[in-house]
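Since the structure comes first, as structure tokens, the remarks are kept for the end.
Note that ligands are numbered from 1 as they come in the structure, with each ligand's atoms numbered from 1 the same way. The structure presented is a predicted model; accordingly, all values stated were derived computationally and were not measured.
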Amino acid sequence: MRSAPKKKAFPAIACTVLSFLLLLTACAPRSAAVSGTSFAMGSLITANVYTDEATAATITGAVFKEIAALDGRISATAEDSEIAALNRGETVTLSPDTLEMLRDTLSLGDSLGGQMDITLGAVTSLWGFSSDEPRVPAPDEIETALATRGADKIVFEGDRVTLAPGQQLDFGAVGKGEACDIARTVLDTSFTVPAVFSVGGTVLLYGQKTDGPWSVGVRDPFGGANDYCAVYTFTPEDGGDFCVVSTSGSYEKSFTENGKTYHHIIDPATGFPVETALVSVTAVSYIGRWSDALSTALFVNGLNDVSLGWIDEYLIGAAFIFADGGVWVSDGIRDGFRLENTDSFHFIEYEP
Ligand code: ADP
Ligand code: MG
């Protein structure tokens with residue numbers, strides 16, 4: 001694991017982890033978790049917090065409230081959100097959090113070669129994968145929508161922001177990771193007890209439970225929602241006592257029309273679902289925004305030297321699963337990554 005670029009973002013987190021360790025010894029975490037659920041960002045949110053019931057209820061209440069507030073700011077469908085107003089063509093004075101997320105996600109997308117691009121909203125809304133009626137748009141619709149893409153078309157006047165005509169933002173590729181970062185911040189600032197939060201399958205593993213390391217299942221791309229093909233076990237290292245695990249898979253949202261199946265991860269070069277031999281990419285990072293953005297960008301970009309550079313820069317590690325059952329896992333998570341279903345899946349090496 002290379003630590004230099006991660007350390008850039010880490011002084012505050014390192015301090016928190018230190019104070020967290022001290023607090024942990026004082027709090028003596030329970031080995032059984034208190035569970036809670038909520039729904040936001042079109043996703044089920046589950047919490048398992050390793051502390052007494054009252055504290056767990058306070059923590060989950062605070063986290064769910066913050067995530068609902070995030071959803072209320074960035075949702076493209078909730079009419080009164082800041083992003084929905086931008087998408088309607090209004091000039092909007094953004095709240096500091098939304099402005100920071102917008103600017104940072106745009107610059108992250110830029111660093112990822114535009115393969116994860118939140119200005120693709122006009123294209124993703126044409127496909128309607130999040131709606132009840134997804135459809136294959138006509139080529140000229142895609143062309144018109146694709147022409148609105150580009151961070152350089154957005155007008156920033158301080159905190160006042162206006163999109164280009166027809167341009168729309170879609171935070172679908174980073175929102176769940178962001179929600180995990182919010183959960184981590186709540187845990188960091190007030191409660192520092194071991195916990196796992198799952199936001200629609202993007203998972204924050206936080207702290208050290210007393211009964212062993214965290215394990216998280218990696219969905220079997222060919223199985224049902226509860227089938228796992230691999231398990232990732234997170235052992236805290238020098239960088240931090242938490243991580244966010246995010247998976248982008250072509251099985252996640254898809255529909256079939258005239259015998260062809262269309263999935264929800266869009267190739268920004270074409271405006272159509274990415275044509276790829278991949279079925280999923282799992283990305284593990286200390287930062288949820290990165291883990292979520294990278295799972296999408298790596299899925300679009302495929303397994304190549306450029307992707308390896310991104311993994312090195314932003315992630316603890318990543319796992320690529322191919323339609324033929326081949327599984328490539330980067331060094332950073334290789335020790336913790338175990339295949340459960342060896343009939344259908346096998347490890348492969350990367351050959352440039
Ligand atoms: P999931 O939402 O299933 O966790 P992702 O994190 O990969 O999966 O995000 C996919 C969502 O992001 C899509 O549903 C769509 O709203 C949006 N999206 C699709 N392709 C891209 C892309 N290339 N860049 C940015 N956002 C995208
Ligand atoms: Mg993503």
Side-chain angles (χ1 to χ4, degrees), residues 40-45 71 74-77 83-84 87 101-102 104-132 134 137 142 145-146 148-151 167-181 198-204 218-219 221 225 244-255 262-276 278-285 287-302 307 310-311 314-315 318-321:
M41 324 192 81
S43 306
L44 178 68
I45 307 177
D71 197 15
I74 68 165
S75 164
T77 47
I83 298 306
N87 287 352
M101 188 180 175
L102 172 59
D104 187 65
T105 312
L106 290 172
S107 106
L108 180 58
D110 206 36
S111 306
L112 298 172
Q115 302 289 53
M116 188 288 300
D117 184 348
I118 57 167
T119 71
L120 276 173
V123 179
T124 55
S125 70
L126 271 183
W127 285 94
F129 281 102
S130 305
S131 74
D132 294 335
I142 301 252
L146 259 189
T148 67
R149 175 191 172 211
Q167 190 176 43
Q168 290 188 32
L169 300 176
D170 174 359
F171 279 97
V174 287
K176 293 178 201 140
E178 183 76 9
C180 287
D181 286 338
S198 167
V199 183
T202 296
V203 182
L204 167 74
V218 177
R219 166 104 179 252
V244 176
V245 183
S246 175
T247 298
S248 288
S250 48
Y251 52 81
E252 193 64 49
K253 284 180 201 156
S254 65
F255 67 93
Y262 298 88
H263 66 80
H264 71 137
I265 304 170
I266 301 297
D267 184 346
T270 64
F272 278 80
V274 186
E275 304 261 359
T276 175
L278 283 165
V279 278
S280 78
V281 174
T282 296
V284 185
S285 175
I287 298 177
R289 195 184 281 176
W290 290 358
S291 135
D292 202 351
L294 267 285
S295 70
T296 308
L298 292 171
F299 188 92
V300 177
N301 203 55
S307 289
W310 296 344
I311 293 169
Y314 294 100
L315 300 180
F320 290 60
I321 304 184

min-distance protein heavy atom vs atom 16 (O) of ligand 1 -> D170 OD2, 2.6 Å
Starting from atom 2 (O) of ligand 1, which protein heavy atom do you reach first, and at what distance in Å?
K176 NZ, 3.0 Å
Below a 4.0 angstrom heavy-atom separation, can you tell me which part of L120, side chain or backbone, both or neither, approaches ligand 1?
side chain
For Y262 together with F272, are the ring centres under 6.0 Å from each other?
no
Option of least heavy-atom distance to atom 11 (C) of ligand 1 (set: G42, S250, G172, G109):
G172
In this structure, the Mg ion (ligand 2) sits at the vertex of an angle between O of D292 and OG1 of T296 that rounds to 10° as 90°
May I ask you to decide if S198's main-chain N or O and T202's side chain share a donor-acceptor pair within less than 3.5 Å?
no
Do any nitrogen or oxygen atoms of A173 come within less than 3.5 Å of a nitrogen or oxygen of ligand 1?
yes
Which heavy atom of A173 sits nearest a heavy atom of M116, and at what distance?
CB-CG, 4.1 Å
Spacing of S250 atom OG and I265 atom CD1 [to the nearest 0.5 Å]
6.5 Å
Would you mind checking which non-hydrogen protein atom is closest to atom 7 (O) of ligand 1, with the distance to 0.1 Å?
S248 OG, 2.5 Å
Q115 contact mode with ligand 1 (heavy-atom cut-off under 4.0 Å):
backbone
Would you say I266 has any N or O atom under 3.5 Å from an N or O of ligand 1, going by distance alone?
yes
Any nitrogen or oxygen of T296, side chain or backbone, less than 3.5 Å from one on ligand 1?
yes
Location of contacts on H264 toward ligand 1, heavy atoms closer than 4.0 Å:
both
For ligand 1, find out whether one of its N or O atoms is nearer than 3.5 Å to an N or O atom of T124.
no
For the backbone of A40 and the side chain of D71, can you confirm whether one donor and one acceptor N or O come within less than 3.5 Å of each other?
no
Between T105 and L102 (side chain of the first, backbone of the second, donor and acceptor by atom type, cut-off under 3.5 Å), is there such a pair?
no
Between A173 and the Mg ion (ligand 2), is there a contact where an N/O/S atom of the residue lies under 2.8 Å from the metal?
yes
Nearest non-hydrogen protein atom, atom 24 (N) of ligand 1
D117 N, 2.9 Å
How far apart are the closest heavy atoms of S43 and K176, and which atoms are they?
OG-CE, 3.3 Å
Is a donor on one side and an acceptor on the other found under 3.5 Å between the side chain of W290 and the backbone of G177?
no
Sub-3.5 Å N/O-N/O distance, T202 and ligand 1:
no
Quick one: sort the H264 and F129 rings into parallel, tilted or perpendicular, breaks at 30° and 60°.
perpendicular
Say whether, by atom type as modelled, one donor and one acceptor occur between the side chain of N87 and the main chain of L169 under 3.5 angstrom.
yes
pair M101-E178: side-chain heavy atoms closer than 4.5 Å:
yes
Can you list the atoms of ligand 1 that are under 4.0 Å from a heavy atom of M116?
24 (N)
Can an N, O or S atom be found in S248 less than 2.8 Å away from the Mg ion (ligand 2)?
no
Which residue supplies the protein heavy atom nearest to atom 6 (O) of ligand 1, what is that atom called, and how far is it?
D292 OD1, 2.9 Å
